**Student:** 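Before anything else, here's the structure in question.
Starting from 1, each residue takes its place in the sequence as its number. All values derive from a computational prediction rather than experimental measurement.
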Amino acid sequence: MTISVAVAGATGYAGCEILRLLLGHPAYHRGELTIGALCANRNAGQRVGEFHPHLAPLADRQFDKTSADVLAGHDVVFMALPHGHSGALAKELTEKAGDAGSAPVVIDCAADFRLRDAAAWEKWYESPHQGTWPYGLPELANHREALKTAKTVAVPGCFPTGASLAMYPAVAAGITSDDLTFVSFTGTSGAGRGANVLNLHAEVSGSAKAYKLAGRHRHTPEILQNMQALTDQKLKISFTPVLAPMPRGILTTAITTTSATAEEAQQIYENAYQNEPFVQVLPYGQQPMTKSVLGSNNVQIAVDVDPDSQKLIVTSAIDNLVKGTAGGAVQCMNIVLGWDETDGLSTVGVAP
């Protein structure tokens with residue numbers, strides 16, 4: 001059986017990264033996966049090579065209009081659209097599938113279906129809640145099993161991926177307080193490909209700046225949702241994103257009060273992630289670097305405890321466009337289709 005895959009939002013960073021990973025997928029090379037429609041509304045009719053010259057095998061392909069008619073009939077549809085645009089398209093695809101009798105697997109990289117609380121969605125995204133899909137972070141408790149039978153998947157946000165994996169074992173083990181603090185340094189690609197003066201090289205190079213702090217960032221309720229599912233204690237989340245002068249990558253520092261020792265915390269993390277192919281708990285004393293995970297689906301995590309302040313300090317590094325978006329999406333596709341979870345996804349970074 002050959003699986004046909006389409007991408008909506010194929011001109012953006014997430015869309016092109018999905019395509020890069022699909023071109024390296026073993027199923028693609030075996031002829032068991034084909035790359036179908038590449039949709040991009042404003043750029044329909046233009047060549048892929050004009051936007052993504054690094055995707056050489058697709059350079060002469062043309063972008064299609066983004067519509068349910070074009071996407072219908074594929075086995076898998078990746079939606080890499082701006083927040084708030086996936087809901088209507090997913091509904092149209094479902095309606096068309098009702099007529100044809102077979103719905104594609106739809107994997108959404110936007111936030112439209114991540115939040116379970118409709119009021120939280122409407123507060124943060126100022127539009128009607130479209131529903132909740134299975135959450136695509138397999139490393140969290142019970143998520144992998146839910147994905148095995150899913151037909152729709154909500155891929156986590158990049159910040160929640162790094163933050164949740166940093167604090168998940170500690171919260172699940174009950175060694176944290178009810179107050180969790182996250183500070184995440186991110187590269188400029190996290191803001192998408194749209195033109196923005198604040199992301200110009202002259203503005204970003206040689207500088208770092210916090211933004212949307214003090215509970216103003218949209219990923220705050222998603223991080224809270226992930227952590228709150230692990231404990232009965234009522235949690236409080238403080239999240240501060242920082243724009244750093246790099247194209248891609250997220251380095252997160254997660255801090256909470258703990259009674260655990262550094263040795264106990266290290267063991268908890270090693271036990272929690274010992275069978276996870278994409279999570280690397282570093283030896284005590286070694287710190288993750290964003291360039292160590294560049295281009296890979298790997299997550300590097302380091303654990304320590306400050307005995308004087310009784311603070312657990314966990315750092316994590318991810319590539320925001322791979323494990324933080326496109327790699328997470330392909331990982332979920334592999335699980336849904338019953339393929340090896342690691343297919344097409346490397347744990348080897350690019351350095352220097």
**Student:** How would you list, by chain and number, every residue that makes a ring-ring contact (aromatic ring centres under 6.0 Å, His included) with H74, sequence neighbours excluded?
**Tutor:** none

**Student:** Between E341 and K148, does any side-chain N to carboxylate O distance fall below 4.0 Å?
**Tutor:** no

**Student:** Rounded to the nearest 0.5 Å, what's the gap from OG1 on T176 to CG on L235? Could you check?
**Tutor:** 6.5 Å

**Student:** Could you pull out all residues at least two apart from S259 that satisfy side chain to side chain donor-acceptor pair (under 3.5 Å)?
**Tutor:** none

**Student:** Any chance the side chains of N271 and Q274 put a donor and an acceptor closer than 3.5 Å?
**Tutor:** no

**Student:** Checking side-chain hydrogen bond (donor to acceptor under 3.5 Å, both in side chains) between S184 and each of T252, N320, T240, which is the one that passes?
**Tutor:** T252

**Student:** Strictly below 4.0 Å, N to O, side chains only: are E222 and R116 in salt-bridge contact?
**Tutor:** no

**Student:** With a 4.5 Å cut-off on side-chain heavy atoms, are I18 and C109 touching?
**Tutor:** yes

**Student:** Decide if the gap between the ring center of H219 and the ring center of F239 is smaller than 6.0 angstrom.
**Tutor:** no

**Student:** Among L321, L58, V322, find the residue that satisfies the side chain to side chain contact (heavy atoms under 4.5 Å, CB included) test when tested with R20.
**Tutor:** V322

**Student:** Checking D112 side chain against S86 main chain: does a donor-acceptor pair fall under 3.5 Å?
**Tutor:** yes

**Student:** I'd like to know whether the aromatic ring centres of F51 and F63 sit less than 6.0 Å apart in this structure.
**Tutor:** yes

**Student:** In the single-linkage hydrophobic clustering (I, L, V, M, F, W, Y; side-chain heavy atoms under 4.5 Å), do L180 and I313 co-cluster?
**Tutor:** no

**Student:** Any side-chain to backbone donor/acceptor pair from T258 onto I175? Under 3.5 Å, distance only.
**Tutor:** yes

**Student:** Quick one: sort the H143 and Y135 rings into parallel, tilted or perpendicular, breaks at 30° and 60°.
**Tutor:** perpendicular

**Student:** Using ring-ring contact (aromatic ring centres under 6.0 Å, His included) as the criterion, list what pairs up with Y168, not counting sequence neighbours.
**Tutor:** none

**Student:** Quick one: pull up CD1 in I301 and CD in E270 and give me the separation to the nearest 0.5 Å.
**Tutor:** 11.5 Å

**Student:** Only counting residues at least two apart or in another chain, list the ones meeting ring-ring contact (aromatic ring centres under 6.0 Å, His included) with F278.
**Tutor:** none

**Student:** Can any side-chain N or O of T181 pair as donor or acceptor with the backbone N or O of S238 at less than 3.5 Å?
**Tutor:** no

**Student:** Residues in salt bridge (Lys or Arg N to Asp or Glu O under 4.0 Å) with R42, at least two apart?
**Tutor:** none

**Student:** The test is side chain to side chain contact (heavy atoms under 4.5 Å, CB included); show your working for L165 and S316 and say whether it passes.
**Tutor:** CA-CA 8 Å; L165 294 177; S316 71; 5.9 Å; no

**Student:** Could you tell me whether a side-chain N or O of H25 sits under 3.5 Å from a main-chain N or O of A27, the two making a donor and an acceptor?
**Tutor:** yes

**Student:** One pair to check against side chain to side chain contact (heavy atoms under 4.5 Å, CB included): D75 and V5. What are the steps and the verdict?
**Tutor:** CA-CA 6 Å; D75 299 299; V5 180; over 6 Å; no

**Student:** Shared ILVMFWY cluster between F159 and V242, side chains joined below 4.5 angstrom?
**Tutor:** no

**Student:** Output, in order, the C-alpha distance, side-chain angles, deciding distance and verdict of salt bridge (charged side-chain N to carboxylate O under 4.0 Å, His left out) for E17 and R248.
**Tutor:** CA-CA 12 Å; E17 192 71 356; R248 57 203 286 171; 2.7 Å; yes

**Student:** Find the distance between CG (L38) and CG (N43) and round it off to the nearest 0.5 Å.
**Tutor:** 12.5 Å

**Student:** By salt bridge (Lys or Arg N to Asp or Glu O under 4.0 Å), which residues pair with E264, not counting sequence neighbours?
**Tutor:** none

**Student:** Please check if the side chain of N334 supplies one atom and the backbone of D343 the other of a donor-acceptor pair under 3.5 Å.
**Tutor:** yes

**Student:** Members other than W124 in its cluster, when Ile, Leu, Val, Met, Phe, Trp, Tyr link by side-chain heavy atoms under 4.5 Å?
**Tutor:** L115, W121, Y125

**Student:** Would you find a donor on one side and an acceptor on the other, under 3.5 Å apart, between the side chain of T256 and the backbone of D179?
**Tutor:** yes

**Student:** Between atom CG of L81 and atom CG of D108, what is the distance when rounded to the nearest 0.5 Å?
**Tutor:** 7.0 Å

**Student:** Taking 4.0 angstrom as the limit, do R218 and E126 come out as a salt bridge?
**Tutor:** no

**Student:** Can you name the residues that form a side chain to side chain donor-acceptor pair (under 3.5 Å) with T257, not counting sequence neighbours?
**Tutor:** K311

**Student:** Between S164 (side chain only) and T161 (backbone N and O only), is there a donor and an acceptor less than 3.5 Å apart?
**Tutor:** no

**Student:** Between R114 and G136, is there a donor-acceptor pair closer than 3.5 Å when you use the side chain of the first and the backbone of the second?
**Tutor:** no

**Student:** List the atom of T342, the atom of P277, and the distance in Å for their closest heavy-atom pair.
**Tutor:** CG2-CB, 3.7 Å

**Student:** Kindly check if the number of other-residue, nucleotide or ligand heavy atoms within 6.0 Å of NZ (K212) is above 12?
**Tutor:** no

**Student:** Is any side-chain heavy atom of V76 less than 4.5 Å from a side-chain heavy atom of I3?
**Tutor:** yes

**Student:** Apply side chain to side chain contact (heavy atoms under 4.5 Å, CB included) to the pair Q287 and T315, showing each step before the final yes or no.
**Tutor:** CA-CA 7 Å; Q287 282 294 316; T315 47; 2.7 Å; yes

**Student:** Tell me, please, which residues at least two apart from H85 pass ring-ring contact (aromatic ring centres under 6.0 Å, His included).
**Tutor:** none

**Student:** Side chains of residues 64-71: which donor-acceptor partners sit under 3.5 Å, not counting sequence neighbours?
**Tutor:**
from: T66; atom 1: OG1; to: N41; atom 2: N; distance (Å): 3.4
from: S67; atom 1: OG; to: V70; atom 2: N; distance (Å): 3.2
from: D69; atom 1: OD1; to: K96; atom 2: NZ; distance (Å): 2.5

**Student:** Under 3.5 Å, side chain of Y284 to main-chain N/O of A302, donor-acceptor pair present?
**Tutor:** no

**Student:** When rounded to the nearest 0.5 angstrom, what is the spacing between CZ in R30 and OG1 in T2?
**Tutor:** 10.5 Å

**Student:** Going by distance alone, is a donor N or O of one side chain under 3.5 Å from an acceptor N or O of the other, for N297 and Q331?
**Tutor:** yes

**Student:** Please report the interatomic distance CD1(I255) to OG(S177), rounded to the nearest 0.5 Å.
**Tutor:** 11.0 Å

**Student:** Who else is in V350's hydrophobic cluster (ILVMFWY, side-chain heavy atoms under 4.5 Å, direct or via others)?
**Tutor:** L294

**Student:** Crowded around F185 CZ? As in, over 12 foreign heavy atoms under 6.0 Å?
**Tutor:** no

**Student:** D178: what forms a salt bridge (Lys or Arg N to Asp or Glu O under 4.0 Å) with it, not counting sequence neighbours?
**Tutor:** K236

**Student:** Does Q228 reach the main-chain N or O of I223 with its side chain, forming a donor-acceptor pair under 3.5 Å?
**Tutor:** no

